[in-house]
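Structure record follows, encoded as structure tokens.
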Amino acid sequence: MGTGEENSNLFLRVFDRLSAHYGPQNWWPGESNLEIMVGAVLTQNTNWINVEKAIANLKKGDQLSFSCLQSMPVKELAEYIRPAGYYNIKAQRLKNLFQMIADKYEGEISFLFEDSLDGSRENLLRVKGVGPETADAILLYAAKKPAFVIDTYTHRVFSRHQLVEEDTDYYSLQQEFLDSLPEDVSLFNEFHALIVAVAKEFCKKKKPRCSNCPLQRVEEK
DNA sequence: CACCAGGCAAGTA
DNA sequence: TACTTGCATGGT
């Protein structure tokens, strides 16, 4: 990957451009699978900086373990995660997630991750508050399974560069990535992180700065 | 001051 | 099915 040669696969060419421009992203920040899972819920429609504050609160109170979080009243959890915004609903969503792991995987996160990709995704999606992006983020970044994460940035960057249809949906867009990329967890990990990096610099909603974007004319072979 | 950030669910028509 | 709205703090 990223040999410097221009790749004939358009999506891999995008990856090569971004990889050459930005270098390794080292996602996902988080010291444990539990921390990554919690972060995946907390970052819903929320700046990552604020998620880090919420996680720091849990760590400071020595509450970042499955048993602590599982037994903690939802109202108390909400106070710990307050800086991440939407704290009441996110506290309930985290409780829903822990309850599913308790019910279906004996309270062991490792058992969830030992399940098949499709099986674990189904159970994650059944949790109220876990949608496709959150589920795939947990599967890719915590479980290290080949689930390609789609987010608003992915859609914005690729449609703005006219690499995909403007009105595509989550699963169609994800399928395009799965169809054109080798099934490689570290590639999926890095690619998603690189898309976020380029979007933050060049593809903000309000200020589209397209000059000097590393993806200019990537569609031409 | 307005706008946005690594979504999701529920309500409406 | 296709919009719209609530959820909420903190940075620019």
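Note on naming: letters A, B, ... go to the chains in the order of the sequence lines (proteins, then strands), and numbering restarts at 1 for each one.
For B/dC3 and C/dT5, the P atoms lie 15 Å apart once the distance is rounded to whole Å. Taking atom P on both C/dG6 and B/dG6, the two are 23 Å apart, rounded to the nearest angstrom. Across the P atoms, B/dC8 and C/dG10 are found 23 Å apart, a figure rounded to whole Å. Of the P atoms belonging to C/dT4 and B/dC4, the separation is 16 Å, rounded to the nearest Å.
If you measure from atom CZ of A/Arg93 to atom P of B/dA9, you get 6 Å, rounded to the nearest angstrom. Taking atom CD of A/Glu190 as the reference point, atom P of B/dG6 lies 17 Å away to the nearest angstrom. As rounded to whole Å, 13 Å separates atom C1' of B/dA9 from atom OH of A/Tyr86.
Less than 4.0 Å separates DNA chain C from at least one heavy atom of each of the following residues of residues 36-60 of chain A: A/Asn45, A/Asn50, A/Lys53. Near DNA chain C, meaning a heavy atom under 4.0 Å away, the residues from residues 74-83 of chain A are A/Arg82, A/Pro83.
No close placement of the A/Phe11 and A/Phe148 rings is indicated, their centers lying 6.0 Å or farther apart.
A sub-4.0 Å separation between OP1 or OP2 of B/dC8 and a side-chain N or O of A/Lys128 is absent. Close to B/dG6, at under 4.0 Å from its OP1 or OP2, lies a side-chain N or O of A/Tyr153. At the phosphate of B/dG6, neither OP1 nor OP2 sits under 4.0 Å from any side-chain N or O atom of A/Arg156. For the OP1/OP2 pair of C/dA8 and a distance below 4.0 Å, the side-chain nitrogens and oxygens of A/Lys90 include no atom meeting the criterion. Proximity of A/Thr152 to the phosphate of B/dG7: a side-chain N or O atom is located under 4.0 Å from OP1 or OP2.
Looking at every heavy atom in both residues, A/His155 comes nearest to A/Glu166 through NE2-O, 2.7 Å.
At least one side-chain heavy atom of A/Leu181 sits under 4.5 Å from a side-chain heavy atom of A/Leu12. Contact check for A/Ile150 versus A/Tyr171: no side-chain heavy atoms found under the 4.5 Å cut-off.
Between the side chains of A/Gln92 and A/Asn96, at least one donor N or O sits under 3.5 Å from an acceptor N or O. Defined by atom type and a distance below 3.5 Å, a donor-acceptor pair is missing between the side-chain atoms of A/Asp16 and A/Ser19.
A/Lys104 contributes atom NZ, which lies 4.0 Å from atom CZ of A/Arg126 (distance to the nearest 0.5 angstrom).
You can call A/Trp27 stacked on the base of B/dG6; the centres are under 5.5 Å apart and the planes sit within 30°.
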